[in-house]
Amino acid sequence: MKATPPPAKRRRGPRLAVLALVFCSLLVPIAFLFNRFPAVYVTDERPQQEIDLPSFGRMGLERSGGVTVVKPEDGSGANAETKDTPEMIHRGGINSHHHSDNVPSKVSANPKVPPPPKIEPLKPKAKSVPVPVQRTEVISGNNMKPAKVQNADDVEKAKACQLEFGSYCLWSIEHKEVMKDTIVKRLKDQLFVARSYYPSIAKLKGKEALTRGLKQNIQEHERVLSESIVDADLPSFIKSKIEKMDQTIGRAKACTVDCNNVDRKLRQILHMTEDEAHFHMKQSAYLYNLGVHTMPKSHHCLNMRLTVEYFKSAPLDSDDSAVHKFNVPDHRHYVILSKNVLAASVVINSTVSNSEETENVVFHILTDAQNFYAMKHWFGRNSYRESAVHVINYEHIILENLPEFSSQQLYLPEEFRVFISNLERPSEKTRMEYLSVFSHSHFFIPEILKDLKKVIVLDDDVVVQRDLSFLWNIDMGDKVNGAVKFCGLRMGQLRNLLGKATYDPQSCAWMSGVNVIDLEKWREHNVTENYLQLLKKFQHNDDEASVRAAALPISLLAFEHLIYPLDERLTISGLGYDYAIKEELVRNSVSLHYNGNMKPWLELGIPDYRKYWKRFLTRDERFMDECNLEKLVLS
């Protein structure tokens, strides 16, 4: 008789490998969203100091002097708190910027706006032209809303939160809900204490009845809390359960137990609760990032409907006089890079609404192939006083005129997250700023608009509130780019990031948003050729993240010594992340820049600032009504 062979041992290796794969697959989406783009952490103090930052790999910098850099987050998502980098903000999921919903005052595409009131001119710097603002307030900390008093612990927590989660922390603080359900809170507190005593009571001899009672009360509380999250959901008999639990906890406290065990259990539960809270914060930050980087369904609907209608309907008659304006050098030409119909229309509408003369005003919209026909149909249907709108398929014209760069897609202005703190006053709250710079696509504007001499470049998250005519009278001398400087970040603080190039370490960074570009000087200084050389140096990989990350050092170096400083009162920045800007300052500014994650067309946009953007939405447009966007105008 043959002996029965012993049962084969189960191999645990494959099962563990499968579990590991499943766990990793759950982490991939969060890792993808939270670790894409870089951010810079700098300080107000020692601006003259050159900061040692490591080489420009994937925009990674390291702590040295007053600068720390964080690994990339996704536009304002979770960053690993290690080393600093300039963090890029993704300008909007599928179709870049995504518009949101409500608009108070109804303004048509061709509104009549009274001329701006008379204002006292500012004292010009160098040869600059005064900016027509109503008040001569200086943009400084005095223009901010009073900050809440914070102790050192709160400051450190806020700083750590912003380093890890970016602008989500600002949003979550503003929308924090105070727990009003006191009974639910009391149930949770009772459950917390009961769980900490239960292990010690269960070990005592002669306390079997108390152990069973404590266990039963814990299970009943857990069942109630699993079904009720607010006081209104609680059953009518909850008071008796609370009293019963109080009595049981009182009996447990009366027993002689090892305090160390109770203390250890309390700490264990506390750590578990903190871990759970952090996990939920990560989930919330993930959903926040998803909200700011995903195109809303209604906006996607608008683009699709406009594209379909373009091919279904007869071609709209083009005005020959408008076409003639496109290449007239003496006209006032504005350039907008955008993938969003409503964003571009608001920029144009706000500009012409505040212009005294629009007959010689021309807007050139550079968009991608996906949105070209939607843009074409929208601006063919809507007129903006006497101005002309020229929609350009960026990818097609690059392929046609610059075939060697045919693979380059349209990039919108890049945004980098910058942290600024004060070394001498560490208790002060760390400021987070968003630095906007030119993308790679900006450097081909002179090649696309070959006949033009001067243009003003507007970001599509800008709203114009005054006549910009004075900008055309600025004599920039030998400078190429008229921009508002951002001295919270200096070139010397990015020494290793910028490599061995020659530059002034005291030179300030600058902001895109509203930029005056002298195309003739641009061509004289070979800015595009310099850009191509810098691109070879800083683009380490062909992936999109590496290309976009290189925009910061390239923009700073390509325009080194070529920036003409515009008056900082020309535009107010930060309306896409900073809740603390005074409304009076916003109302009286020449232009508004919604840089940051909380764009005004998103539901996550800051309500106090969204109304200035919504005023210039086009109304009585059937496609907006069909795509449920009419509420933007009516709300």
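Hydrogens, waters and symmetry mates are skipped; everything else that's a heavy atom, side chains included, is used. Quick caveat, the model's predicted, so the values are computed rather than measured.
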Original post:
Is any side-chain N of the basic residue among Asp246 and Arg186 closer than 4.0 Å to the acidic one's carboxylate O?
Top reply: yes
Original post:
With sequence neighbours left out, what residues match Ser512 under side chain to side chain donor-acceptor pair (under 3.5 Å)?
Top reply: Asp459
For the side chain of [X] and the backbone of [Y], is there at least one donor-acceptor N/O pair under 3.5 Å apart?
| X | Y | answer |
| --- | --- | --- |
| Glu414 | Leu552 | no |
| Tyr411 | Ala551 | no |
| Asn595 | Tyr434 | yes |
| Lys599 | Tyr594 | yes |

Original post:
Roughly how far, to the nearest 0.5 Å, is CE of Met511 from CD of Glu568?
Top reply: 11.5 Å
Checking [X] now: which residues fulfil side-chain contact (heavy atoms from CB on, under 4.5 Å) with it, not counting sequence neighbours?
| X | answer |
| --- | --- |
| Ala252 | Tyr197, Ile201 |
| Asp231 | Asp181, Thr182, Ile183, Val184, Leu234 |
| Ser200 | Val257, Asn261, Val262 |
| Glu243 | none |

Subject >> Set of salt bridge (charged side-chain N to carboxylate O under 4.0 Å, His left out) partners for Asp275, sequence neighbours left out >> reply: none
**OP:** Might you point out which heavy atoms bring Gln493 and Gly488 nearest each other, and give the distance in Å?
**Re:** OE1-O, 4.0 Å
